[in-house]
There are 2 protein chains.
Amino acid sequence: MDVHELKISCQKCRLSELCLPYGLESEELDRLEHIVQRPAPLRRGEVLYRAGGSFHAIYAVRSGALKIFSGSEDGHEQILGFYLPGELLGLDGMDKDLHKCTAVALETSSVCTLPFNQLSVLCEKIPGLQKRLFRLIGREIGVEHELLLMMGQKDAEERLAIFLVTLAARFKRRGYSQSEFRLPMSRHDLANYLGLTPETVSRLFGRFRKNGLIETNRSLVKLLDMSRLVTLCAGPEDAGRLAAVMN
Amino acid sequence: MDVHELKISCQKCRLSELCLPYGLESEELDRLEHIVQRPAPLRRGEVLYRAGGSFHAIYAVRSGALKIFSGSEDGHEQILGFYLPGELLGLDGMDKDLHKCTAVALETSSVCTLPFNQLSVLCEKIPGLQKRLFRLIGREIGVEHELLLMMGQKDAEERLAIFLVTLAARFKRRGYSQSEFRLPMSRHDLANYLGLTPETVSRLFGRFRKNGLIETNRSLVKLLDMSRLVTLCAGPEDAGRLAAVMN
DNA sequence: GGACATTGTTGATCCAGATCAGCAACCGTT
DNA sequence: AACGGTTGCTGATCTGGATCAACAATGTCC
C-alpha cells in the first residue's frame with residue numbers, strides 16, 4: 001500500500017482515452033476503478049505473467065514498456081508484441097484460462113491489473129465498457145494481422161521502416177515526440193520481433209543513417225525524413241495504406 | 001427463405017459444441033437462435049465481407065471453408081487464416097466497425113450470421129455467452145500467435161508439417177478423418193498462408209511423399225506417418241509442445 | 001579505476017528459399 | 001476430342017538475409 005495507489009485513478013489518468021475507460025460515464029468509471037489493482041512497478045526483466053501460468057486478469061500499461069513472447073525456451077522464442085502506456089495485454093489467456101505467452105518488462109513499468117472475472121461481470125452491466133473492450137480486442141487482432149502481413153510480404157528494409165513509422169505514431173498518440181524517441185527494446189528483441197537477425201537490423205539502421213533518414217545514438221532514434229520513411233514502408237510502389245496509420 | 005432455414009438450428013447443429021452455443025442452456029440457445037441469420041450458401045470465390053466494408057456481424061462457418069486475407073490487391077496480399085465449420089470469423093472488424101480484411105469462400109460454404117449489435121446485447125444478458133465469446137476470441141488470438149511463431153522461427157519444412165498436423169487435428173475435432181482429407185485451398189493460397197512460394201510447397205509435398213510421410217493426389221492428402229510428421233514440426237529437437245495440439 | 005560480461009556494429013561467406021522457365025495434368029467449353 | 005486456361009510439378013539459377021567471426025562500445029561489479 002503506497003502513496004501512488006491513493007493518487008492514481010482512471011478518472012485522472014491521462015491515458016484513459018487510449019485505454020479501457022474511454023467513453024465511460026463518471027459513475028461507470030467509478031465502478032471500473034473499484035476493480036482495478038495497481039501492483040508495485042515491475043523492474044526491467046521482471047515477469048508480469050508467464051506462459052503456462054493461470055490467467056486471471058488482463059493488464060493495462062500505465063508507464064514503461066513490456067514485450068510478450070511465446071515459444072520454446074531454447075532460444076527459438078518469438079516476440080509477438082511490444083506494449084506501451086494505454087495498451088492492453090494478456091488477452092491470449094482468455095482461451096483456456098492459461099497464458100500461452102510470457103510478458104516481461106523492458107524497463108521499469110507500471111501496469112493496472114483488471115481481474116478478468118470482475119471485468120466480465122462489469123461488462124454485462126456497463127454496455128459501454130463491453131463495447132470498448134471489444135474494440136480494443138479488435139485492435140489487437142488488427143495489429144497482429146498487420147504483423148502477419150509484414151512477416152509474409154515485406155522485406156527487411158520495409159519491416160524496419162514500418163516498425164519505426166508505426167512506433168512513431170504510437171508515441172505521438174501518447175503525447176510524445178513522433179520524431180525523436182528512445183527504443184525501449186534491445187536490438188536483439190527488435191530483430192526477433194521483425195523476424196530478422198540483430199546483424200541485419202544493425203545494417204539497416206546504418207543504411208537509413210547513411211541515407212539521411214534517421215539519426216541514432218544507442219537506443220535514441222531521431223526520424224529525419226518521415227515522408228521518405230513512409231514511402232519505404234510499402235516498397236517502391238504505393239504508399240497509400242501506411243499513410244493512414246500516421247493520422 | 002428456403003427450407004434449410006426452417007430445419008437448421010443451433011440446438012440441432014452438431015457443430016454447436018465447437019461453436020458459440022457451447023455450454024448454453026436451452027432457453028439461452030433459443031435467444032441466440034433468434035438473432036442468427038442464415039444467408040444463402042456462398043459459392044467458391046464469393047465474398048463474405050470485404051476489406052473497407054462496414055462491420056455489422058461476425059460469422060460462424062456451418063459448412064465448407066473460407067479464407068481471410070489482407071493487404072494490397074497488387075498481389076501482395078497475405079492470407080491470415082482458413083476457417084472450417086464451427087469456427088468464427090470477422091472479429092477483426094470490431095475495432096473501427098470496418099473490416100480490415102476480406103473473407104472469401106474456398107468452396108461452397110454456408111455461414112451463420114451473428115449481427116454484432118444484437119450479439120453484444122445478448123452477451124450482457126447471458127454471461128455464459130459472453131464468456132464463450134471471450135474464449136473463442138482468446139483462441140483466435142492464440143492461433144495468430146502460433147502463426148507468428150511459425151513465420152518468425154520455422155523453416156519451410158517445419159511450416160508445412162505444422163500446417164498438416166494442426167489441420168488434421170481440426171478435421172478430427174469435426175468428426176472427419178484426421179489422416180485423410182481434402183485440402184480446401186489451392187497450393188497458391190497454402191503457400192501464401194505459410195509465407196512461402198507455391199514452388200517450395202510443391203517441392204515439400206514431393207519430399208514428404210518420397211519419405212513416406214504422406215500420399216497426395218491433387219487436393220487429397222493422406223497422412224501416413226503422423227508421429228514422424230509431428231517430429232518434423234519442431235525441427236530435429238523437442239516434439240513436446242505440438243503433441244498437445246493433437247489431443 | 002580496471003576487468004569482464006553484455007550489447008551493438010561491421011565484414012566475409014554461405015544457403016534456404018525465391019525467382020525464372022518449361023512442362024504436365026486437369027479443367028470446363030464448344 | 002480438340003481447345004485454351006488454369007493449376008501444379010520440377011529443374012536451373014540467383015539473392016536477401018542468415019551465419020560465422022572479429023571487434024568496438026557500453027555497462028557492471030569489485
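Values below: every heavy atom of this structure, side chains too, minus hydrogens, waters and symmetry copies. Numbers restart at 1 for each chain; the letters A, B, ... are given by sequence-line order, proteins then strands.
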Is it the case that the side chain of B:T102 and the backbone of B:A51 share a donor-acceptor pair, with hydrogens and angles ignored and the cut-off at 3.5 Å?
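Yes, B:T102 side chain to B:A51 backbone: donor-acceptor pair under 3.5 Å.
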Between the side chain of A:R139 and the main-chain N/O of B:D95, is any donor-acceptor distance below 3.5 Å?
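Judged by distance alone, no pair lies under 3.5 Å.
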Rounded to whole Å, how long is the line connecting atom [atom1] of [X] with atom [atom2] of [N]?
X      : N      : atom1 : atom2 : result
B:L160 : C:dG17 : CG    : P     : 12 Å
B:D155 : C:dC15 : CG    : C1'   : 12 Å
B:L204 : D:dG8  : CG    : P     : 15 Å
B:L183 : D:dG8  : CG    : C1'   : 13 Å
B:F208 : D:dT10 : CZ    : C1'   : 17 Å
B:L220 : C:dA25 : CG    : P     : 18 Å
B:E158 : C:dG17 : CD    : C1'   : 14 Å
B:H76  : C:dA18 : NE2   : C1'   : 12 Å

Applying side chain to side chain contact (heavy atoms under 4.5 Å, CB included), name anything that partners A:R218, two or more places apart in sequence or on another chain.
none
Report the residue (A:N217 or A:L196) whose heavy-atom-nearest nucleotide on DNA chain D is the more 5′ of the two.
A:L196
For nucleotides 4-11 of chain C, tabulate all protein N/O to nucleotide N/O atom pairs closer than 3.5 Å, reporting atom names and distance.
residue	atom	partner	partner atom	Å
C:dG8	OP1	A:R187	N	3.1
C:dG8	OP2	A:R187	N	3.4
C:dT9	OP2	A:R187	NE	3.0
C:dT9	OP2	A:S202	OG	3.2
C:dT9	O5'	A:S202	OG	3.1
C:dG11	N7	A:R203	NH1	2.8
C:dG11	O6	A:R203	NH2	3.2

Note: A:L204 and A:E157 closest approach over all heavy atoms is CD2-CA, 3.8 Å
If you compare every side-chain N and O of A:T197 against the phosphate oxygens of D:dA18 (OP1, OP2), does one of them come in below 4.0 Å?
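Looking at the OP1 and OP2 atoms of D:dA18, one of them is under 4.0 Å from a side-chain N or O of A:T197.
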Six-ring centre of B:F205, B:R187 cation under 6.0 angstrom, axis tolerance 45°
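Flagged: B:R187 positioned over aromatic ring of B:F205.
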CD of A:E158 to CG of A:L194: how many Å apart, nearest 0.5 Å?
12.5 Å
